[in-house]
Amino acid sequence: MKIVIDDKIPYIKEVIAKISDNVIYKKGADICNSDVKDADALIVRTRTKCNRELLEGSNVKFIATATIGFDHIDTEYLNKAGITWMNCPGCNSGSVAQYLNSVLILLEKEKGEDLKDMTLGIVGCGHVGQKVKAVAEKLGMKVLVNDPPREDAGEKGNFVSLEQIKEECDVITFHTPMVREGKYKTIHIADKDFFNSLGKRPYIINTSRGGVVDNKELLNAINENKVKDAIIDTWENEPDVNLELLKKVFIGTPHIAGYSADGKVNADNMVIEGLCKFFKLKNTFCIVPPKLSEDIEFSKDFKEYSLQLYNPLVDSKKLKSEPYKFEDLRGNYPIRREYFNKEA
């Protein structure tokens with residue numbers, strides 16, 4: 001069995017070597033038709049466009065993306081071509097929640113905000129949004145949740161309208177998939193009209209998909225004092241991000257909110273399980289994340305401990321100083337754990 005894999009997927013090589021001795025690792029954006037022509041399986045991240053151009057005439061039967069999102073996958077073409085595909089829903093939800101936890105603490109520490117006096121609006125409350133809600137409530141914030149698909153499906157959640165989010169929230173964070181059309185379209189939810197109808201001057205946070213927030217209109221909203229500040233991890237036109245917006249935002253990171261070692265290992269294990277199931281192989285493998293040094297001494301104060309584990313200002317400073325290294329910073333991201341445990 002031949003497998004082609006994005007070379008930036010970590011921790012997976014040792015296990016894959018036990019499954020197949022015919023494995024090609026290549027930069028995700030550079031994987032092309034000739035690479036997959038005689039491949040049986042393809043394991044990617046967001047930088048590989050899995051469409052007709054890549055796959056027509058190939059032998060690929062199974063595709064796994066080690067990510068929550070799958071807007072880089074032409075699901076309609078794959079379904080017609082009889083190619084089985086999978087994503088990894090929820091794999092990095094804990095990592096994104098960690099990012100939000102640290103960001104909210106930094107609003108208090110660096111911006112002088114009192115979180116207990118603030119209302120957080122969550123747009124999209126799936127795997128990630130639910131964990132973000134728990135994080136914010138632990139920090140003492142009031143939380144409002146908007147999720148029309150779940151509300152219409154009859155799920156319980158005390159959902160509110162987007163209009164109420166815009167009117168009442170001091171912080172608005174987006175955790176939706178990218179949906180380009182239909183009743184639940186999410187592309188440019190935060191557009192010119194959105195920013196013009198805000199009831200307060202909120203902080204805007206986007207760790208979902210770049211196109212959920214219109215980056216040009218966000219920049220205008222910041223310049224016109226309609227938005228107090230912004231924290232952006234996912235950008236339109238990555239890696240060619242809006243440099244003026246990057247300079248303006250409080251925190252700008254290179255699409256790494258979900259990049260904890262824990263989240264990556266979760267995705268690896270889901271991919272291996274899917275691969276083995278599809279090819280009818282026995283799965284006896286379990287990838288574990290690397291340990292942090294036992295010499296590290298962490299504060300007993302929860303907020304200080306959180307920032308010691310992960311401070312997104314570090315990633316922001318790196319990207320702002322060298323924005324042309326967006327892909328390098330993302331592809332060669334250092335080990336980050338969601339918690340410290342000598343046994344983990």
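The figures that follow rest on heavy atoms only: side chains count, while hydrogens, waters and symmetry mates do not. Computed from a predicted model, the values in this text were never measured in an experiment.
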Quiz item: Is a side-chain N or O of N215 found less than 3.5 angstrom from the main chain of E236, in a donor-acceptor match?
Solution: yes
Quiz item: Would the number of heavy atoms belonging to other residues, nucleotides or ligands and lying under 6.0 Å from CG of D114 be above 12?
Solution: yes
Quiz item: Tell me, do V213 and F174 make a side-chain contact under 4.5 Å, heavy atoms counted?
Solution: yes
Practice problem: Examine distances only and state if a side-chain atom of D214 and a backbone atom of A190 form a donor-acceptor pair shorter than 3.5 Å. | Solution: no
Quiz item: Does a donor on one side chain and an acceptor on the other come within less than 3.5 Å for S260 and E338?
Solution: yes
Quiz item: Would you call F302 and K138 a side-chain contact if the rule is heavy atoms closer than 4.5 Å?
Solution: yes
Quiz prompt | D74 side chain to Y77 backbone, donor-acceptor under 3.5 Å | solution = yes
Practice problem: Please report the C-alpha distance between I3 and D40 in whole Å, then the side-chain angles of each, then the deciding distance to 0.1 Å, and finally whether the side chain to side chain contact (heavy atoms under 4.5 Å, CB included) criterion is met. | Solution: CA-CA 6 Å; I3 308 173; D40 300 287; over 6 Å; no
Self-check item: Other residues, nucleotides, ligands: >12 heavy atoms within 6.0 Å of K200 NZ
Solution: yes
Practice problem: Could you please spell out the steps behind the salt bridge (Lys or Arg N to Asp or Glu O under 4.0 Å) verdict for K325 and D328? | Solution: CA-CA 5 Å; K325 288 188 175 181; D328 287 339; 6.0 Å; no
Quiz item: Counting only heavy atoms not in E53, do more than 12 sit closer than 6.0 Å to its CD atom?
Solution: no
Self-check item: T65-H72 side chain donor-acceptor pair, cut-off 3.5 Å
Solution: yes
Self-check item: side chain to side chain donor-acceptor pair (under 3.5 Å) assessment of E327 paired with H255
Solution: CA-CA 9 Å; E327 290 291 75; H255 200 154; over 6 Å; no
Exercise. Verify the neighbour count for atom CG of D21: are there more than 12 heavy atoms of other residues, nucleotides or ligands below 6.0 Å?
Key: no
Self-check item: L219 with I205, same ILVMFWY side-chain cluster at under 4.5 Å
Solution: no
Quiz prompt | Test item: F159 and L144 side chains (from C-beta on) under 4.5 Å apart, heavy atoms | solution = no
Self-check item: N87 side-chain N/O to G69 backbone N/O, donor-acceptor pair under 3.5 Å
Solution: no
Exercise. Test D71 against every option in R180, R209, K49 by the side-chain hydrogen bond (donor to acceptor under 3.5 Å, both in side chains) rule and name the one that passes.
Key: R209
Quiz prompt | Geometric cation-pi criterion, K13 with Y25: 6.0 Å, 45° | solution = yes
Exercise. Would you indicate whether the side-chain heavy atoms of D6 and I9 approach each other to under 4.5 Å?
Key: yes
Quiz item: Are L313 and V171 in one and the same hydrophobic cluster, where Ile, Leu, Val, Met, Phe, Trp and Tyr link if side-chain heavy atoms are under 4.5 Å apart?
Solution: yes
Self-check item: Pairing of E56 and R52 as salt bridge, 4.0 angstrom limit
Solution: yes
Quiz item: Is the side chain of E304 donor-acceptor paired with the backbone N or O of D301 at a distance under 3.5 Å, no angle test?
Solution: no
Self-check item: More than 12 heavy atoms from other groups under 6.0 Å of CD on E76
Solution: no
Quiz item: Do F298 and Y339 touch side chain to side chain, with heavy atoms closer than 4.5 Å?
Solution: no
Quiz item: If only atom types and distance count, is the side chain of Q98 paired as donor or acceptor with the main-chain N or O of R337 below 3.5 Å?
Solution: yes
Quiz item: Would you find more than 12 non-hydrogen atoms of other residues, nucleotides or ligands less than 6.0 Å from K27 atom NZ?
Solution: no
Quiz prompt | Criterion side chain to side chain contact (heavy atoms under 4.5 Å, CB included) on D262 and N92, from CA distance to verdict | solution = CA-CA 8 Å; D262 305 76; N92 63 358; over 6 Å; no
Exercise. Can you label the angle between the F70 ring and the W85 ring as parallel, tilted or perpendicular, going by 30° and 60°?
Key: tilted
Self-check item: Full working for salt bridge (Lys or Arg N to Asp or Glu O under 4.0 Å) between K303 and E108
Solution: CA-CA 10 Å; K303 292 178 181 178; E108 194 171 64; 2.5 Å; yes
Exercise. May I ask you to decide whether K228 forms a salt bridge with E113, counting only side-chain N to carboxylate O separations under 4.0 Å?
Key: yes
Quiz item: Less than 4.5 Å apart, any side-chain heavy atom of L104 and any of M141?
Solution: yes
Self-check item: Residue of the set L100, V123, V212 for which side-chain contact (heavy atoms from CB on, under 4.5 Å) holds with H175
Solution: L100
Exercise. For the pair T48 (side chain) and V44 (backbone), establish whether a donor and an acceptor sit closer than 3.5 Å, ignoring hydrogens and angles.
Key: no
Exercise. Decide whether S20 and N22 meet the rule of one side-chain donor and one side-chain acceptor closer than 3.5 Å.
Key: no
Exercise. May I ask you to decide if P149's main-chain N or O and D152's side chain share a donor-acceptor pair within less than 3.5 Å?
Key: no
Exercise. With I232 as reference, evaluate V241, L218, I251, L246 under the side-chain contact (heavy atoms from CB on, under 4.5 Å) test and give the passing residue.
Key: L218
Exercise. Starting from the C-alpha separation in whole Å, work towards a yes-or-no answer on side chain to side chain contact (heavy atoms under 4.5 Å, CB included) for N311 and L106.
Key: CA-CA 8 Å; N311 188 333; L106 287 169; 3.4 Å; yes
Exercise. Let me know which of I16, V15, N283 forms a side-chain contact (heavy atoms from CB on, under 4.5 Å) with L275.
Key: I16
Exercise. Would you kindly say whether Y310 and N101 are connected by a side-chain donor-acceptor distance under 3.5 Å?
Key: no
Self-check item: Within-4.5 Å side-chain heavy-atom neighbours: K131 and V96
Solution: no
Quiz item: Sub-3.5 Å donor-acceptor pair from the side chain of N33 to the main-chain atoms of L54, do we have one?
Solution: yes
Quiz item: So do the side chains of W235 and N206 get within less than 4.5 Å of each other, counting heavy atoms only?
Solution: no
Quiz item: Can a salt bridge be assigned to the pair K318 and E322 using a cut-off of 4.0 Å between side-chain N and carboxylate O?
Solution: no
Quiz item: Okay, side chain of S208, backbone of P177: is any donor-acceptor separation there less than 3.5 Å?
Solution: no
Exercise. Test N266 against every option in C91, S95, S93 by the side-chain contact (heavy atoms from CB on, under 4.5 Å) rule and name the one that passes.
Key: C91
Quiz item: With a 4.0 Å cut-off, would you call E137 and K142 a salt bridge?
Solution: no
Exercise. Quick one: sort the F62 and F279 rings into parallel, tilted or perpendicular, breaks at 30° and 60°.
Key: perpendicular
Quiz item: Are more than 12 heavy atoms from other residues, nucleotides or ligands located less than 6.0 Å from atom NZ of K109?
Solution: no
Exercise. In sequence, state the C-alpha distance, the side-chain angles, and the governing distance for E244 and K248, and then conclude on salt bridge (Lys or Arg N to Asp or Glu O under 4.0 Å).
Key: CA-CA 6 Å; E244 188 177 353; K248 289 272 186 179; 5.6 Å; no
Quiz item: Mind checking whether I5 and F285 sit in one hydrophobic cluster, side chains of I, L, V, M, F, W, Y counted as touching below 4.5 Å?
Solution: yes
Exercise. Consider only side-chain N and O atoms of N196 and K226, and report whether a donor and an acceptor are under 3.5 Å apart.
Key: yes
